[in-house]
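A short write-up of the structure that comes next.
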Amino acid sequence: MAGWPSLGRVDDRRLAQELRAGDANALAQIYDVYAPRLFDYCHALLRDENLAAYALHDSLIAALVHIDKLREPERFRSWLYTLVRNECLRLLRDPETPPERHPATEEADDTFLDADERRRRLETRRLVQSALAGLPGRHREAVDLAVRHELSAEELTGVLGVSAQQAIELVAESRDELEDALAAAVIARTGRDDCPSVAALVDEHEWPLPPEVSRKLVRHTASCPTCRERRTRKVSTNRFLQVLPVAALPSGLREAVLSLAAAPDRHETRMHLAQRAEPFDAWGWPANAERVRTAPEDARKGVPPLWPAVGAAACVLLVAGAIFLVTGGSSSRHPSGDARRPAAAGTAGPSDSPSAEDIPDSPGPSPTSTTPTPTPTRTSRTPTPTPSRRKATPRPTRSRTPTANPTPGTLVVASTGTGDSRTVKLTARGGTVRWSASRGQYVNLTGPTSGRLAAGQSAVLSVTADTIAACAALPPVAKSGVSFSPTGAVSLTWTC
């Protein structure tokens with residue numbers, strides 16, 4: 001996104017290692033590089049400036065405390081996204097979170113645009129926001145992370161708690177849905193006179209379109225012969241999403257994060273905030289918030305933490321049944337798009353989950369004000385996200401016993417073949433290994449690109465060079481390869 005600091009994968013590892021080593025400037029660098037995009041993501045989930053500031057503030061403190069747990073520093077970026085996502089979902093589910101929403105102001109990126117260009121950009125934003133409003137919450141989130149935040153399928157596996165294949169399918173499905181919704185929104189905006197049904201569905205003064213209107217419009221354009229003829233032109237989801245506004249970071253947030261991190265007398269506060277990010281698995285990855293309850297309501301009400309085993313099991317079944325009934329039916333939302341008070345999370349699948357329902361319907365991934373009338377600056381609401389505004393009482397200790405984590409192993413990479421074609425065998429030795437492959441330029445890889453191997457298990461891949469394309473390049477390329485995480489690489493060579 002324009003205005004966000006550029007970031008390479010090498011920086012991920014370097015910043016994680018510097019933070020782990022106790023570098024005094026590491027957290028400040030991490031804030032300057034990651035905070036703009038992380039705050040925009042928090043704001044997309046929470047729709048509120050102060051709540052997004054709290055979520056980012058607490059998550060960065062948790063990252064400082066828990067960085068020693070992360071076994072794969074090259075995945076630092078997606079690790080941070082996972083931390084902030086879990087904290088946002090916790091806030092959405094907390095019954096003490098106020099229902100009112102006060103969106104953040106926008107980053108100014110139209111300083112050099114004239115009046116006509118600003119009008120066209122606003123028109124395009126309304127179209128995109130109308131299209132996004134019709135997507136399920138999880139699909140809006142997936143396409144936002146993949147396109148605007150530029151997270152790869154491998155990074156989405158950790159953030160959303162799905163497999164690499166599920167992440168690829170989810171993003172592809174979300175893109176297709178968004179493309180259909182964009183085409184329908186364009187028809188509604190420019191061709192109301194051509195189809196009486198569209199004119200009946202859409203109020204020309206109601207833009208962006210409400211979510212239900214957007215969904216009805218997509219269904220109509222898919223079945224209407226007149227509208228189908230106008231849907232033949234493909235639209236670029238990447239290009240359209242780049243026009244969406246970016247939520248502006250609160251001015252006092254950086255100082256609040258760094259002062260709490262450095263204060264020697266606030267160790268207990270840091271530990272309290274970090275505790276909410278637990279538990280972590282054997283690789284130091286935060287447990288998915290959709291599957292772990294971090295603050296049982298019964299514990300808050302004073303129910304004794306130690307229950308008889310049979311009684312606890314019965315209550316779990318009753319709670320699970322209640323969650324199914326609550327999340328399975330249709331739930332009303334406030335017309336303004338405010339988040340409803342969600343039920344506690346149970347186990348969720350990749351395509352629809354409590355996160356999708358917790359994320360309120362809205363015109364787009366970063367719903368800052370885009371109306372022609374400027375939004376007044378709320379000087380009295382400048383967020384100062386210090387934990388003193390929260391309740392100081394620590395959360396009760398979880399009574400459930402966590403599942404035993406698998407023993408981490410090492411990845412053994414062996415290859416056969418020579419030159420521009422190799423067969424690669426990956427084997428987990430001494431324990432379970434979560435691996436991923438990253439291919440270089442002009443390399444074709446046949447087989448899975450990531451996965452998890454139990455001790456002794458193997459996976460076989462085929463790696464070949466695209467010599468025609470490589471030799472046609474200027475200058476020609478004669479060497480490339482595939483690298484494997486957490487360790488290992490295979491190189492290919494050829495002669496042009």
Side-chain angles (χ1 to χ4, degrees), residues 44 47 103 115-144 146-148 170-245 330-338 351-352 356-357 359-373:
R47 316 300 186 206
D116 287 340
E117 289 173 324
R118 285 195 181 96
R119 180 184 54 78
R120 286 194 294 270
R121 173 174 287 192
L122 178 60
E123 184 78 8
T124 305
R125 281 182 178 178
R126 287 171 173 169
L127 288 173
V128 178
Q129 289 170 336
S130 297
L132 285 166
L135 269 61
R138 191 174 185 84
H139 290 199
R140 286 201 311 271
E141 184 183 12
V143 77
D144 183 32
V147 177
R148 296 175 74 246
L170 177 61
V171 172
E173 183 180 355
S174 302
R175 282 178 178 273
D176 289 343
E177 289 183 355
L178 180 57
E179 186 175 295
D180 291 341
L182 280 169
V186 171
I187 290 171
R189 192 64 176 164
T190 62
R192 294 179 72 254
D193 297 337
D194 297 334
C195 179
S197 297
V198 172
L201 278 173
V202 179
D203 182 347
E204 63 179 333
H205 302 294
E206 189 176 30
W207 286 86
L209 297 175
E212 187 54 38
V213 173
S214 178
R215 296 182 189 113
K216 288 179 179 179
L217 188 61
V218 171
R219 291 194 294 268
H220 167 76
T221 55
S223 59
C224 173
T226 301
C227 295
R228 269 206 308 269
E229 290 181 3
R230 305 187 68 234
R231 291 181 71 251
T232 54
R233 191 181 68 172
K234 290 285 186 179
V235 295
S236 170
T237 56
N238 287 23
R239 183 174 62 84
F240 272 97
L241 288 176
Q242 297 306 318
V243 306
L244 288 174
S330 60
S331 301
S332 60
R333 290 182 173 85
H334 192 280
S336 65
D338 291 346
S351 61
D352 196 9
E357 293 303 318
I359 300 169
D361 280 329
S362 78
S366 186
T368 54
S369 173
T370 57
T371 55
T373 304

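The nearest pair of heavy atoms linking Q129 to L244 is CG-CD2, 3.8 Å. For the pair A181 and V218, the tightest heavy-atom approach, listed with the atom from each and the gap, is CA-CG2, 3.6 Å. Residues S174 and V143 share a closest heavy-atom pair of CB-CB, 4.1 Å. The two atoms that bring P136 and E177 nearest to each other are CD-OE1, 3.6 Å, heavy atoms only. Closest approach of L132 to L178, counting heavy atoms only: CD2-CD1, 3.8 Å. The shortest non-hydrogen separation linking V171 to A146 is CG1-CB, 3.8 Å.
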Exercise for review: Determine, step by step, whether C195 and C224 satisfy the side-chain contact (heavy atoms from CB on, under 4.5 Å) criterion, reporting the C-alpha distance in whole Å, the side-chain angles of both residues, the deciding distance to 0.1 Å, and the verdict.
Suggested key: CA-CA 9 Å; C195 179; C224 173; 3.9 Å; yes

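The structure places CG of L135 at 12.0 Å from CD of E141, a figure rounded to the nearest 0.5 Å.
Counting heavy atoms from C-beta outward, V147 and R175 have side chains that approach closer than 4.5 Å.
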